[in-house]
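In what follows, a structure is listed as C-alpha cells, so that the remarks can point back to it.
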Amino acid sequence: MKSEKAKGRRKFMKNTIMASFSSIVGMPIVFGSNMPKELLPIGFFDGSLPPDLIGKSNLLTVLNDRPVNAEAAAHLLDDDLTPNDMFFVRNNGIPPVNVDVNKWSLTIEGESAKQSKTYTLQELKTKFKQYTLNLTLECGGNGRSEFNPPAKGNQWSTGAVGCAAWTGVRLADVLRDVGIKSNAVYIGYYGEDTHLSGDAKKNTISRGVPINKAMEEESMIAWSMNGKDIPLLNGYPLRLVFGGYPASCSGKWLSKIVIRDRVHDGQKMKGKSYRVPCKPVAPGAKVKDEDMCIIEKMPVKSLITYPKTGATIKSTEKLPIRGHAWTSADSISKVEYSIDFGGSWHPCELKNAKNRYAWQRFSAKIPFPEEGYYEVWARATDSNGDRQPIILPGWNPKGYLNNASHRIAIKVI
Amino acid sequence: MRARNKNEKPNGARASLWSLLLNTIYFTLFCIVGCIGYFLLEGPINDIINQKKYSDEELELLSKKAMMSLSLEKEKANWDKVVDGIHIRTGFYDDPNLKTVIASCTSCHSAKLVTQNRATRAGWKSMIVWMQETQGLPDLGKSEPIILDYLAKYYAPKATGRRKNIDVDAIDWYVLNIDDTSQ
C-alpha cells in the first residue's frame, strides 16, 4: 500500500511537471505521464534539446548535438559494466534511420580478400560461434579538454570511456571464412551513417586496424551490448569492437569490411586524424602530416568512480574509493592512490579481468591524517610496466591519449 | 433543574426528529450529487486508471515527438534572444557580427563545436582551412576576417600550465554517508 501511495504521489508530481511543460509548449503533451523520467529533462534546462539522444541517460554531458557527442561524469561510470544508456557517444555523422535488422547485411571484400562475400545478420548469428567478452572502448580524444595549448575537437573530460559485455562473433572467424590473401596488411570498415552535409557519396568515417589486430581473439563483430540491442547511437544493429585501440577503429552501423593490401586510407585515417607525432614534440609545435603516426594502442589509464568528487567526511572515518583501470597491454598489474599530491603512493586492491581489454576494478579504504582539503589521485601500472603520468603526457596537435591521473577533491572535517 | 428538563423533553424529541429529517435530506442530496459527479467523471477516471501500457520503444518515440515539438516551440520563442551577453539559441557571445558567424559556422555542425574550443586567430584559420580541404566548406570571402576576428576575440586560449588545478569553486560539496554506501 505504501509503495502504491508513493507511486500515486510520483505520478501526481510527474503530471504536474508535464502540465507545466505543456503550458510552455502551448499544447498538452500526449501521454506525458507515461514519458520515462529519464527522458524528461534532456536539454530542457540548458535550452539545447537534442531530440536524437534516444536510449541515452539525461545525465550525460552533451558536448555537441550535431553530430551527437556525449560523455558521462566519472561517478556515473561506477557500474562493473557500463549501462547502455551511460555509454559515451562519439558520432561523426548522422546515424541511419529506420534500421531493418532482417535486411541488414555485412559484405567482406577488398584487394586481399580471396572473394567478396555477404552475410545477413542472421547468417552471422548462426554460422559462427558466438562469444561474449567484456571490452573497454575509449575515445582517442578522451581527456582532450586538458591540453594546453588547446587542441581542436570535442573537449572530452574523462567520460569518453566505457566497458560493456559485447556479444557477437570473432572477426577472425568471419575473415577466415571469406579467405585472406597472404599480402593482407589492414582491414577497413564502412558504416551506414551519413555525412553531416547530407551528401550520400561522402563517407563519414572509415577507419580500421592492422590485420594482426583484426585476427586477435578479442576482436569482435558484435550485435549485443550487455545482453540488449546496441543503442542506435552506439552502432545498432552491428558494429566492430576492438579493445585497446582508439574507439574510432570500432566501426558502427557496420555494413562492409575491406581486407586491404595496404594501410587503409578511408575517411579519418589520414592527415592528423587519430595520429600523434611519430617523435615527441614540444607543446604547441607545428607537425607536418607526414610526421604523424597512426595511434595503435590506447595508454594505461584509470578512473575513480566512487565517491563523486566533492565528498565531505569526518576525520574519524576512512574513505572508501573504487574505480576502474584499463590498458592495451595484457592486464593492469597495480593501482595506487595518493592523498598528498603524489608525495607518497599506497596500493589499492585490484580484481582480475574476465578477459583481456576488460577494465579491472580497484578499491581502497583511505585514512586521513587530519582535517583539511585533500585530493585523491589514482594511477595504474600495466603488465608492460607503463604507468600513468600525474601531469599531462606528451602534447600532440589533436589532443589524443591524455592518460594523466584522475583526481577527486575531498574535505575532511 | 429537573422540572425544566422535564419541560424540555418534548422539545428535545422534536428537535432530534427535525435533525434526523435534515440529515436524511442532506444525505440524499449528497448521494445524488455524488452519483452525478461519478457519472460525469467516470470516463476520465477510468482513462487514468486503465491507461494503455506502451512498450519502451513506443514510449521513446512518443517522448521524442513531444520533445521535438517542445524544442521547436522554444526555438521559435527564443530565436534571437540574448541573455547576459550570450545568444541563447547558439551559446555564442553576442556581437555586432554574430549573424555572419552563425550563418557560416552552424550550417554544417553545431555551435557547440565552436564554443567548446579555444584557439588563436591562426589556430582558427587552420581549422577553417581544414574544413575547406576535407569537409567541403566553401571560400568564406569577405566573411572570413570578420569570423576570425570574432573567434580570436571570444574564444582565445587560456593559459593553464601543464595541468589545471581542480576547479574547487565548481565542486558541488556534499556530505558522504560512508555506512550506507561502502561496498
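Just so it is clear: chains get the letters A, B, ... in the order the sequence lines come, proteins before strands, and each one is counted from 1.
When heavy atoms are compared at a cutoff of 4.5 Å, B:Asn165 approaches chain A solely by way of its backbone atoms N, CA, C and O. For chain A, no part of B:Thr120 is nearby; none of its heavy atoms comes within less than 4.5 Å. Of the two parts of A:Ile321, neither the backbone nor the side chain holds a non-hydrogen atom closer than 4.5 Å to a non-hydrogen atom of chain B. Proximity to chain B (any heavy atom under 4.5 Å) is shown, for A:Pro389, by neither the backbone nor the side chain. Neither the backbone nor the side chain of B:Glu133 comes within contact range of chain A; no heavy atom of the residue lies under 4.5 Å from a heavy atom of that chain. There is no contact between A:Ser363 and chain B, counting heavy-atom distances below 4.5 Å. For A:Ala151, the part lying under 4.5 angstrom from a heavy atom of chain B is the backbone only.
Residue with the most contacts toward chain A among B:Thr106, B:Val114, B:Thr134: B:Thr106 (heavy-atom pairs, distance under 4.5 Å). Ranked by heavy-atom pairs under 4.5 Å with chain B, the first of A:His195, A:Lys308, A:Lys202 is A:Lys308. Heavy-atom pairs under 4.5 Å with chain A were tallied for B:Cys108, B:Ser110, B:Ala111; the largest tally goes to B:Ser110. Most heavy-atom pairs under 4.5 Å with chain B: of the set A:Ile313, A:Asn69, A:Asp199, this distinction falls to A:Ile313.
A side-chain donor-acceptor contact under 3.5 Å links B:Arg89 to the backbone of B:Trp79.
Between the CD1 atom in A:Ile410 and the CD1 atom in A:Ile304 there is a gap of 8.5 Å [rounded to 0.5 Å]. Rounding to the nearest 0.5 Å places CZ of B:Arg163 at 13.0 Å from CG of A:Asn148. In this structure, B:Asn177 CG and A:Thr312 OG1 are separated by 12.5 Å, a value rounded to the nearest 0.5 Å.
A cation-pi geometry, defined here as NZ or CZ lying under 6.0 Å from the six-membered ring centre and within 45° of its normal, holds between A:Lys152 and B:Trp130.
Look at A:Glu146 and A:Arg407 and you find a salt bridge, because one of the NZ, NE, NH1 or NH2 atoms lies within 4.0 Å of a carboxylate O, short of that distance.
B:Tyr155 and B:Tyr93 have tilted rings, their planes meeting at an angle from 30° to 60° on a 0 to 90° scale.
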